[in-house]
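Notes to accompany the following structure.
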Amino acid sequence: VQLQASGGGLVQAGGSLRLSCAASGLTINWYDLAWFRQVPEKEREFVASSVRGGTISYADSVKGRFTVSRDNAKNTVYLQMISLKPEDTAVYYCAASPSVAAGARSLYDYWGQGTQVTVSS
């Protein structure tokens, strides 16, 4: 199983980025998917999830600015980020779980390698 995250980069505050996470070795239709982020010396925190039943959830800090979506045909999950703020700067990780996981970090079995997002002020 492999999750390949991409799309990170350097952007000015107010800008946009779209992260992608391509899965191989699993079929995302049957998985809960989520994005988390982490800054140095802090715990990895929940950003957004798309569970197999269709429910989508967001952390309060990103509601209205981030959108998670999945393309089952491409076996890929996306995170569209707009109105980015310097506090969004982090390494972003995608994750997949074959069981019900939603925003529970400890329940995710598979993780991508992370992609750096840096938002300058």
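The figures that follow rest on heavy atoms only: side chains count, while hydrogens, waters and symmetry mates do not.
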Report the distance from atom [atom1] of [X] to atom [atom2] of [Y], rounding to the nearest 0.5 Å.
X	Y	atom1	atom2	result
L19	F66	CG	CZ	8.0 Å
S50	L79	OG	CG	11.0 Å
R65	M81	CZ	CE	9.5 Å
L3	Y108	CG	OH	11.5 Å

Exercise. Quick one: are V91 and T115 in side-chain contact, heavy atoms under 4.5 Å?
Worked result: no
For this session: May I ask you to test the V39-T89 pair for a side-chain heavy-atom distance under 4.5 Å?
Result: no
Identify the heavy atoms of [X] and [Y] that sit nearest to each other, and give their distance.
X	Y	value
S120	L10	CB-CD1, 4.4 Å
P98	Y31	N-CD2, 3.4 Å
T67	Y58	CA-OH, 3.3 Å
S49	G103	OG-N, 4.4 Å
G8	V117	CA-CG2, 4.1 Å
L33	A96	CD2-CB, 3.7 Å

Is the backbone of [Y] close enough, under 3.5 Å, to the side chain of [X] for a donor and an acceptor to pair up by distance?
X	Y	answer
N75	L26	yes
R52	S99	yes
T76	K74	yes
D32	A101	yes
Q2	G25	no
Y93	A34	no
R18	Q80	no

Exercise. Would you call D88 and K85 a salt bridge, taking side-chain N to carboxylate O under 4.0 Å as the test?
Worked result: no
Problem set entry | Carboxylate-amine/guanidinium proximity below 4.0 Å for E45 and R105 | no
For this session: Would you list the pairs meeting disulfide bond (SG atoms under 2.5 Å apart) in which at least one residue belongs to residues 74-121, sequence neighbours left out?
Result: C21-C94
Problem set entry | Evaluation steps, side-chain contact (heavy atoms from CB on, under 4.5 Å), between Q38 and E43 | CA-CA 6 Å; Q38 189 171 21; E43 288 199 352; 5.7 Å; no
Problem set entry | Donor + acceptor pair across side chains of T118, Q116 (<3.5 Å) | yes
For this session: Is it possible for you to check whether R70 lies under 6.0 Å from the centre of the six-membered ring of Y78, through NZ or CZ, and within 45° of that ring's axis?
Result: no
Test of understanding: clusters of I, L, V, M, F, W, Y form through side-chain heavy atoms closer than 4.5 Å, transitively. Do [X] and [Y] belong to the same one?
X	Y	value
W35	F46	no
W30	V51	no
V62	I82	no

For this session: Measure from the ring center of F36 to the ring center of W111 and say whether it is less than 6.0 Å.
Result: yes
Exercise. Going through the distances and angles, do S61 and R37 end up as a side-chain contact (heavy atoms from CB on, under 4.5 Å)?
Worked result: CA-CA 12 Å; S61 58; R37 66 187 181 186; 3.4 Å; yes
